[in-house]
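What follows is a short report on a single structure.
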Amino acid sequence: EIILKDATSARQNIVDVLPDVTFTELLNTAKDVWGLPDGYEYIIRVSRLGRQVVLSHTIQAIGLRDHDVLEIQAQGVAG
């Protein structure tokens with residue numbers, strides 16, 4: 001299980017994920033479920049590691065632990 005939340009912690013879910021799930025897949029699911037707006041680039045940060053993940057990597061590749069907190073943050077897109 002991991003904890004997935006948005007930057008304000010207004011939205012938060014505990015999620016069971018398989019090790020071969022990519023962060024892109026996880027982000028797309030969160031966008032659909034939470035109705036996150038288009039027009040933004042989104043990143044995922046791992047609180048314990050204090051860094052942003054590469055979205056094409058899998059959960060297993062980064063070495064997530066049970067109950068790690070992943071924070072989805074919107075980044076403005078110019079244009």
Side-chain angles (χ1 to χ4, degrees):
E1 291 183 340
I2 58 170
I3 300 167
L4 189 63
K5 67 178 197 161
D6 68 0
T8 65
S9 296
R11 298 177 184 106
Q12 182 171 311
N13 290 90
I14 296 173
V15 182
D16 284 319
V17 291
L18 297 173
D20 62 345
V21 169
T22 66
F23 289 100
T24 298
E25 292 169 314
L26 191 61
L27 177 59
N28 287 338
T29 299
K31 285 172 63 176
D32 289 343
V33 171
W34 290 344
L36 298 177
D38 292 330
Y40 294 94
E41 299 261 342
Y42 290 93
I43 63 166
I44 298 177
R45 294 187 55 81
V46 180
S47 296
R48 177 179 56 85
L49 301 175
R51 67 180 173 96
Q52 180 177 332
V53 301
V54 176
L55 294 177
S56 61
H57 287 177
T58 63
I59 299 291
Q60 183 176 27
I62 191 170
L64 284 185
R65 297 180 186 163
D66 212 21
H67 298 13
D68 267 349
V69 177
L70 303 178
E71 184 177 303
I72 296 176
Q73 298 176 350
Q75 306 291 303
V77 176

- Query: Nearest 0.5 Å, what's the CD1-CZ distance between Ile72 and Phe23?
  - Reply: 11.0 Å

- Could you grab the distance from atom CD1 of Ile44 to atom CG of Leu55, nearest 0.5 Å is fine? 5.5 Å

- Are Leu27 and Tyr40 connected in the hydrophobic side-chain network, where two residues link if heavy atoms are under 4.5 Å apart? yes

Name the atoms and distances for all side-chain donor-acceptor pairs under 3.5 Å in residues 28-38, with sequence neighbours left out.
residue, atom, partner, partner atom, Å
Asn28, ND2, Thr24, O, 3.3
Thr29, OG1, Glu25, O, 3.1
Trp34, NE1, Asn13, OD1, 2.8

- Message: Going by side-chain hydrogen bond (donor to acceptor under 3.5 Å, both in side chains), name the residues that satisfy it together with Asp68, two or more places apart in sequence or in a different chain.
- Response: Arg48

- Return the set of residues passing salt bridge (Lys or Arg N to Asp or Glu O under 4.0 Å) with Arg11 (not counting sequence neighbours), or none when no residue passes. Asp6

- Query: How many angstroms lie between OG1 in Thr58 and CG in Leu26, if you round to the nearest 0.5 Å?
  - Reply: 11.5 Å

- Task: Supply the members, apart from Val69, of the Ile/Leu/Val/Met/Phe/Trp/Tyr cluster built from side-chain contacts under 4.5 Å; use none for a lone residue.
- Result: Ile3, Ile14

- When rounded to the nearest 0.5 Å, the distance separating CD of Glu71 from CD of Gln12 is 10.0 Å

- Would a hydrophobic clustering, with Ile, Leu, Val, Met, Phe, Trp and Tyr connected at side-chain separations under 4.5 Å, put Ile43 with Val15? no

- Item | Thr8 side, atom OG1; Gln73 side, atom CD - distance, nearest 0.5 Å | 11.0 Å

Would you list the atom pairs, donor with acceptor, under 3.5 Å between side chains in residues 60-67 and any protein atom, with sequence neighbours excluded?
residue, atom, partner, partner atom, Å
Asp66, OD1, Glu1, N, 2.6

- Task: Indicate, with yes or no, if Val17 and Val54 share a hydrophobic cluster defined by side-chain heavy-atom contacts under 4.5 Å among Ile, Leu, Val, Met, Phe, Trp and Tyr.
- Result: no

- Sorted by chain and residue number, the side-chain contact (heavy atoms from CB on, under 4.5 Å) partners of Ser9 (sequence neighbours excluded) come out as Lys5

